[in-house]
There are 2 protein chains.
Amino acid sequence: MKLKDFAKHVGLSPTTVSRALSGYPEVSEVTRARVTEEAARLGYRPNVNAVRLKTGRAGAIGVVMGRAGEFHFAEFMAGMAERLVAEETDILVIPMSDPDQDDEMELYRRLVESRRVDAIIVHSPKPSDPRISLLHELGMPFLVHGRSDIDVPHAWLDIDNEGAIRRATSHLIDLGHRRIAMINGRPGATYAIHRDNGFRGALQSGGIEPDPQLQASGNFTDELGFRFARSFLEQPNPPTAIVAGSMMTALGVYRAARSLGLQVGRDVSVIAHDDVFPYLTADNMAPSLSATRSSMRAAGTRCADLVIQLLAGRSLTEIHELWPVELILRESTGAAPSPR
Amino acid sequence: MKLKDFAKHVGLSPTTVSRALSGYPEVSEVTRARVTEEAARLGYRPNVNAVRLKTGRAGAIGVVMGRAGEFHFAEFMAGMAERLVAEETDILVIPMSDPDQDDEMELYRRLVESRRVDAIIVHSPKPSDPRISLLHELGMPFLVHGRSDIDVPHAWLDIDNEGAIRRATSHLIDLGHRRIAMINGRPGATYAIHRDNGFRGALQSGGIEPDPQLQASGNFTDELGFRFARSFLEQPNPPTAIVAGSMMTALGVYRAARSLGLQVGRDVSVIAHDDVFPYLTADNMAPSLSATRSSMRAAGTRCADLVIQLLAGRSLTEIHELWPVELILRESTGAAPSPR
DNA sequence: TTTAGATTTGAAAACGGTTTGGCTGTTTTG
DNA sequence: CAAAACAGCCAAACCGTTTTCAAATCTAAA
């Protein structure tokens with residue numbers, strides 16, 4: 001059923017029908033009611049491709065999916081979905097073919113030129129991220145999930161990584177820990193830098209000299225959590241506390257501790273960042289894991305919301321949100337063991 | 001830059017340009033070469049919405065994302081993306097608003113009517129899944145990831161869940177285990193039934209009476225893995241082996257065993273199904289986890305491939321793939337402890 | 001040298017909507 | 001009471017392609 005046929009059915013012109021359904025004011029309420037009702041009854045739905053062609057709107061917002069198969073990704077998207085289900089907006093997942101830099105720029109460029117999306121969400125930006133300048137140049141609306149120092153106006157939402165890790169580290173110091181290790185995310189991304197700042201800041205406040213031997217970074221995997229924690233704990237002067245970047249990392253850290261006969265929460269304290277997953281919760285780990293917590297899903301929902309506002313014309317420069325992060329203390333943190 | 005302008009630039013009619021770029025045979029190779037080259041140079045790309053309107057193709061395949069925030073989902077999509085990046089095809093993620101049944105049907109119906117996707121991938125079907133009959137009725141091409149007994153012709157790809165669990169269970173029986181527990185996925189889905197069949201089949205072959213007290217099912221979370229394993233192991237006559245449905249479940253099972261002072265691989269054997277995640281590997285668990293293994297990512301890639309073939313006109317009835325599942329033995333399985 | 005046949009090309013008609021501008025009546029205003 | 005403002009509706013142009021049908025050109029056969 002197309003507009004023309006449907007219009008004939010209700011005895012109106014296509015113009016009026018279109019306006020009635022799109023909520024334009026030039027049509028009387030009684031007519032609008034009749035039209036919407038008939039549309040539902042006869043099952044008329046405007047052809048989405050025609051609408052998109054005519055209006056120039058794509059009806060979708062794009063998310064570029066990295067190669068790494070991040071487990072965070074699904075949660076973020078689930079969150080976005082929660083908000084977008086109400087809107088007539090889809091989520092378009094764009095696969096990243098190559099980790100190559102030039103190639104990634106080319107991907108974004110093609111995505112913009114193809115006009116398949118109305119906006120793009122950029123994840124894990126770097127302090128000066130070329131994607132941001134590119135999108136700005138190309139005039140494509142976008143929202144950055146994370147932060148960047150780049151000198152280009154842009155909307156963003158981020159969590160307070162620095163504050164979170166600072167508080168976590170400070171708390172460990174308060175518990176008497178002096179040798180504290182940190183497993184960060186892949187170097188380069190702003191969030192990793194912020195976390196590093198928080199870590200170093202707390203150490204400095206506590207009068208502790210940071211030890212490069214106690215810092216490592218890499219993908220958020222169980223594997224790396226284990227390897228790094230092992231290497232820390234096997235040093236001559238091992239740390240008594242470890243700050244881990246993710247739940248998966250924490251799993252590896254726990255495993256490393258166990259493998260060395262150390263008890264988490266007594267021999268070695270652990271705090272990790274928890275993005276809140278339905279399938280793996282900090283509270284359920286043994287011992288339960290102290291964590292800095294911020295819901296990835298909620299971030300997805302809010303990002304979707306902000307993108308919608310952005311597209312509705314809200315000013316770029318107003319859209320900056322910095323979320324606080326909770327620190328939840330559980331059993332994995334305890335007083336530093338007295339040196340033997 | 002639109003077609004008209006571009007055509008003027010190359011000194012040809014829009015018709016010829018369109019044909020040249022779409023690979024039609026009626027245009028001479030020398031012209032085609034010139035056109036493609038110029039298109040690249042001037043950066044001309046057909047407006048995707050116009051193409052879609054005209055051709056009726058949506059250029060996207062849809063995946064409905066459940067509420068549960070499955071961690072498998074991201075891997076599957078990453079796999080799809082790997083294949084689809086070459087095609088001019090997007091992945092459209094459709095959020096499921098409500099776990100309500102009627103509502104889900106309505107969602108599919110609207111999705112089809114909106115013509116936003118050329119095909120749909122249906123996950124975790126039930127033996128008689130109403131989504132399948134609906135899509136068939138509506139004439140929307142679709143591929144089922146999983147299996148269904150429904151009497152409607154449809155393309156599918158599935159892994160041999162029954163065989164996998166049968167082998168896993170048989171192996172445990174060969175090791176001398178007689179009390180074997182099983183943690184299955186959410187009841188209802190065909191895969192859960194198949195796994196159950198494999199489990200019961202193996203027990204029967206081994207002359208073992210299945211004990212309802214040793215069977216449980218639910219979402220694949222660490223939490224449930226723990227709870228179920230605890231309840232099994234605390235029974236008066238506890239199992240000496242547990243078959244777990246997923247990696248997350250296995251994490252919970254390990255935790256339960258540890259919490260009871262049992263050593264996995266000696267006091268209690270564990271086999272789980274591993275969908276192969278980059279961030280959590282069976283080999284790295286402690287002790288390393290014996291697993292039935294099948295790559296979710298590979299399944300995603302292949303499903304995308306099959307959908308493309310389906311859309312290219314390959315017959316429904318030819319597209320049935322049943323993938324074998326590896327059984328990889330590691331340290332978490334050992335001979336049944338001799339009764340004390 | 002025609003002529004039929006095969007290649008290439010182009011003009012114009014879709015595809016299914018939205019939106020501009022104009023056209024009626026009807027109500028308000030000076 | 002005439003002029004102006006307004007409400008409600010419609011015809012037609014347009015969005016940027018693909019594709020049908022016809023025409024032009026070239027090649028090979030008669």
Side-chain angles (χ1 to χ4, degrees), chain A residues 1-36 38-40 42-60 88-90 110 112-118 311, chain B residues 1-36 38-39 42-60 88-90 110 112-118 311-312:
Chain A
M1 162 96 58
K2 16 201 219 179
L3 173 58
K4 224 164 138 186
D5 308 339
F6 175 64
K8 203 164 290 174
H9 266 278
V10 272
L12 285 168
S13 76
T15 312
T16 309
V17 170
S18 171
R19 280 180 172 144
L21 293 177
S22 314
Y24 277 64
E26 305 95 322
V27 54
S28 77
E29 278 314 317
V30 36
T31 312
R32 186 196 312 285
R34 188 159 62 91
V35 170
T36 38
E38 282 291 285
L42 286 138
Y44 167 73
R45 301 181 59 79
N47 178 306
V48 72
N49 288 323
V51 174
R52 288 174 181 177
L53 169 58
K54 182 59 200 184
T55 60
R57 262 174 274 132
E88 278 278 299
T89 305
D90 300 320
R110 281 214 311 270
V112 171
E113 277 166 1
S114 75
R115 297 188 198 78
R116 283 176 303 175
V117 297
D118 295 320
L311 291 175
Chain B
M1 164 96 58
K2 21 200 215 177
L3 174 57
K4 223 162 138 186
D5 308 339
F6 175 64
K8 205 163 288 171
H9 266 278
V10 268
L12 285 168
S13 75
T15 311
T16 309
V17 170
S18 170
R19 279 176 174 145
L21 292 177
S22 315
Y24 276 62
E26 305 95 320
V27 54
S28 77
E29 276 315 315
V30 37
T31 313
R32 185 195 312 285
R34 188 159 63 90
V35 171
T36 38
E38 283 291 286
L42 287 129
Y44 167 72
R45 301 182 59 79
N47 177 307
V48 73
N49 288 323
V51 173
R52 288 174 181 176
L53 168 59
K54 183 57 200 184
T55 61
R57 264 175 272 132
E88 278 278 298
T89 305
D90 300 321
R110 281 213 311 270
V112 170
E113 276 165 4
S114 75
R115 296 188 200 80
R116 283 176 303 175
V117 297
D118 295 318
L311 292 175

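The sequence lines fix the lettering, A, B, ..., with proteins before strands; numbering per chain opens at 1. Quick note: numbers below take in every heavy atom, side chains included, and nothing from hydrogens, waters or symmetry partners.
- At the phosphate of D:dT18, neither OP1 nor OP2 sits under 4.0 Å from any side-chain N or O atom of B:Thr55.
- Spacing between atom CD of B:Glu26 and atom P of D:dC26 amounts to 19 Å, rounded to whole angstrom units.
- Between the CG atom of A:Leu21 and the P atom of C:dT19 there is a distance of 13 Å, rounded to whole Å.
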Let me have a per-nucleotide readout for nucleotides 10-16 of chain C, 5' to 3', with B, S or -, counting only protein heavy atoms under 4.0 Å. BBB-BBB
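- Atom pair A:Arg32:CZ and D:dA7:P shows a separation of 13 Å (rounding to whole Å applied).
- Close to D:dC9, at under 4.0 Å from its OP1 or OP2, lies a side-chain N or O of A:Ser28.
- For the residue pair B:Ser114 and A:Val48, the shortest heavy atom distance occurs at O-CG1, 3.1 Å.
- The two atoms that bring B:Arg115 and B:Ala58 nearest to each other are O-CB, 3.5 Å, heavy atoms only.
- Summarising the geometry, the separation between NZ on A:Lys4 and P on D:dC10 is reported as 15 Å, rounded to the nearest angstrom.
- Here A:Tyr24 does not reach the OP1 or OP2 of D:dG8: none of its side-chain N or O atoms lies under 4.0 Å away.
- Taking atom CD of residue B:Glu29 and atom C1' of nucleotide C:dT7, one finds them 13 Å apart after rounding to whole Å.
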Let me see the working for B:Glu113 and B:Arg110 under salt bridge (charged side-chain N to carboxylate O under 4.0 Å, His left out), right down to the final yes or no. CA-CA 5 Å; B:Glu113 276 165 4; B:Arg110 281 213 311 270; over 6 Å; no
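- Side chains of B:Leu53 and B:Asn49 form no contact here, defined as non-hydrogen atoms less than 4.5 Å apart.
- Interatomic distance, CZ of A:Arg19 versus CG of A:Leu12, reported as 12.0 Å (0.5 Å rounding).
- Between A:Thr31 and D:dG8 there is no side-chain polar atom (N or O) within less than 4.0 angstrom of OP1 or OP2.
- Nearest heavy atom pair, residue A:Lys2 against residue A:Tyr44, reads C-CE1, 3.7 Å.
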